[in-house]
Amino acid sequence: MYKIPANTLFMGKQLVYVPECHSTNDEVQRLMQQKGSAEGMVVITANQTAGRGQRGSAWITEPGKNLTLSIGLKPNFLTPNFQFYLSMVVSLGLHDCLTRLVPGAALHIKWPNDFMVNDKKVCGILIENQLVGQRIERSVVGIGLNVNQQFFAWPHATSISLETARLYELNEVLSMLLESIEARYLQLKANEYGNIKIMYEHKLYGLNVLREFTVDQQTKAGIIKGVTDEGKLKVLIEDELHYFAFKEISYAY
Ligand code: BTN
């Protein structure tokens with residue numbers, strides 16, 4: 001079904017298309033436990049019936065219109081305290097891909113796992129790592145990228161098509177996406193931690209802008225200043241820098 005011309009070394013070389021599944025993350029998880037599973041393996045589906053999102057939410061998308069896929073990685077060069085760098089390189093890969101597809105748009109990474117085009121969510125990422133001792137043995141990178149969907153119940157969502165007023169071949173978008181993520185992943189493998197963090201922070205949604213957040217069920221005004229290596233969000237609140245882990249803070253839309 002998916003014959004992709006991706007110009008990659010390993011990302012997507014092993015590609016499994018399933019017309020329908022519960023969650024591509026679960027499929028990759030299962031396949032990676034089998035012998036001979038290759039790094040960069042991709043499972044992609046047209047219809048996910050129990051897609052998972054962040055914070056226990058469901059990921060629901062119109063069948064056949066978007067990219068719903070998971071990539072299996074073996075980042076055993078990465079220690080668990082640097083696992084957020086995986087999220088950084090996947091987000092940067094998305095950024096590079098969307099720069100080609102939606103030139104001139106405002107592209108931002110909304111910490112920790114969303115990607116925004118012109119202030120609306122176009123993509124969600126769900127990364128599930130399996131740690132063995134001090135190493136990340138396996139990582140499943142789940143990506144839901146809205147490509148051709150025209151209508152969303154949620155007013156803060158969009159698709160590439162809605163932003164550009166044209167339709168896309170999913171194959172072509174997939175190839176670009178895999179090429180972009182592979183290039184960024186290889187930067188991580190080459191230990192370019194400093195550059196990756198600088199580039200990631202530069203693309204952060206709301207960087208250096210005063211906005212409202214919800215912390216401990218209270219609304220606070222703060223300014224995002226960056227992230228830590230561990231993936232905590234640095235926010236300046238009343239002249240003091242605070243560090244928030246995932247789930248400790250949310251954006252008040
Ligand atoms: C979020 O924004 O909450 C993250 C959404 C991640 C959705 C993708 S779709 C492919 C993969 N399989 C899943 O079950 N979830 C991820």
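Please read these numbers as outputs of a predicted model, since none were measured by experiment. Just follow the structure's listing: the first ligand is 1, and inside any ligand the first atom is 1. Just the heavy atoms: all of them, side chains too, but no hydrogens, waters or symmetry mates, feed the values below.
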K.L.:
Are Gln48 and Trp59 side-chain neighbours, meaning at least one heavy-atom pair lies under 4.5 Å?
P.N.:
yes
K.L.:
Considering only protein heavy atoms, which is closest to atom 5 (C) of ligand 1, and at what distance to one decimal place?
P.N.:
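Going atom by atom, the protein heavy atom closest to atom 5 (C) of ligand 1 ends up being Trp59 CE3, 3.4 Å.
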K.L.:
Would you mind checking which non-hydrogen protein atom is closest to atom 10 (C) of ligand 1, with the distance to 0.1 Å?
P.N.:
Thr24 OG1, 3.2 Å
K.L.:
Counting from 1, what ligand 1 atoms have a heavy atom of Gly144 closer than 4.0 Å?
P.N.:
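Counting atoms of ligand 1 from 1, those under 4.0 Å from Gly144 are 8 (C), 9 (S).
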K.L.:
When you measure from the side chain of Arg135 to the backbone N and O of Asn76, does any donor-acceptor pair fall under 3.5 Å?
P.N.:
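The answer is yes, because a donor-acceptor pair under 3.5 Å joins these two groups.
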K.L.:
For the side chain to side chain contact (heavy atoms under 4.5 Å, CB included) test, which of Thr68, Thr49, Asn47 pairs with Pro63?
P.N.:
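So the option named by the test is Asn47.
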K.L.:
Select the closest option to atom 11 (C) of ligand 1 among Asp114, Asn66, Asn25, judged by heavy-atom distance.
P.N.:
Asn25
K.L.:
Does the gap between the ring centers of Phe77 and Tyr185 come in under 6.0 Å?
P.N.:
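Ring centres of Tyr185 and Phe77 closer than 6.0 Å.
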K.L.:
Can a donor-acceptor pair be found, under 3.5 Å and without considering hydrogens, that links the side chain of Thr214 to the backbone of Gln218?
P.N.:
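No, the answer is negative, given that no donor and acceptor are paired below the 3.5 Å cut-off.
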K.L.:
On the 0 to 90° scale, with breaks at 30° and 60°, tag the Tyr251-Phe213 ring pair as parallel, tilted or perpendicular.
P.N.:
tilted
K.L.:
With a cut-off of 4.0 Å, which atoms of ligand 1 are near a heavy atom of Gly51?
P.N.:
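With Gly51 as reference, the close atoms of ligand 1 come out as 14 (O).
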K.L.:
Need the ligand 1 atom indices (1-based, order shown) with element for anything under 4.0 Å from a heavy-atom of Thr68.
P.N.:
9 (S), 10 (C)
K.L.:
Over 60° means perpendicular and under 30° means parallel, so tell me whether Phe84 and Tyr200 are parallel, tilted or perpendicular.
P.N.:
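Ring orientation, 0 to 90° scale: perpendicular.
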K.L.:
In terms of relative ring orientation, are Tyr193 and Tyr85 parallel, tilted or perpendicular, with 30° and 60° separating the classes?
P.N.:
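Rings of Tyr193 and Tyr85: perpendicular, as their planes differ by over 60°.
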K.L.:
Looking only at heavy atoms, is any part of Gln48 under 4.0 Å from ligand 1, and if so is it the side chain, the backbone, or both, or is it neither?
P.N.:
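Contact part for Gln48 vs ligand 1: side chain (C-beta onward).
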K.L.:
Using heavy atoms and a threshold below 4.0 Å, how should the contact between Ile125 and ligand 1 be classified: side chain, backbone, both, or neither?
P.N.:
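Within the 4.0 Å criterion, Ile125 contacts ligand 1 through backbone atoms alone.
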K.L.:
Please could you name the atoms of ligand 1 that Ser70 approaches to less than 4.0 Å, counting only its heavy atoms?
P.N.:
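Numbered from 1, ligand 1 contributes 11 (C).
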K.L.:
Any idea which protein heavy atom is nearest atom 2 (O) of ligand 1, and the distance to it?
P.N.:
Lys121 NZ, 2.6 Å
K.L.:
Where on Ile143 is there a heavy atom closer than 4.0 Å to ligand 1, on the side chain, on the backbone, on both, or on neither?
P.N.:
backbone
K.L.:
Is atom CD of Glu238 surrounded by more than 12 heavy atoms (other residues, nucleotides or ligands) closer than 6.0 Å?
P.N.:
no
K.L.:
Is ligand 1 less than 4.0 angstrom away from at least one heavy atom of Arg55?
P.N.:
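Distance cut 4.0 Å: Arg55 fails for ligand 1.
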K.L.:
Which of the atoms of ligand 1 are close to Gly53, meaning less than 4.0 Å from one of its heavy atoms?
P.N.:
1 (C), 3 (O), 4 (C), 5 (C)
K.L.:
Among all protein heavy atoms, pick out the one at the shortest distance from atom 15 (N) of ligand 1; state its residue, atom name and that distance to 0.1 Å.
P.N.:
Arg52 O, 2.7 Å
K.L.:
Looking at atom 3 (O) of ligand 1, what's its closest protein heavy atom, distance included?
P.N.:
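In this structure, atom 3 (O) of ligand 1 has Gln54 N, 2.6 Å as its nearest protein heavy atom.
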K.L.:
State whether the shortest distance between N or O atoms of Ser23 and N or O atoms of ligand 1 falls below 3.5 angstrom.
P.N.:
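Such a contact does occur with ligand 1.
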K.L.:
For ligand 1, which part of Thr61 has a heavy atom less than 4.0 Å away: the side chain, the backbone, both, or neither?
P.N.:
neither
K.L.:
Would you say Asn81 and Thr79 are linked by a side-chain donor-acceptor pair, where the criterion is simply a distance under 3.5 Å?
P.N.:
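Distance-only check passes for Thr79 and Asn81.
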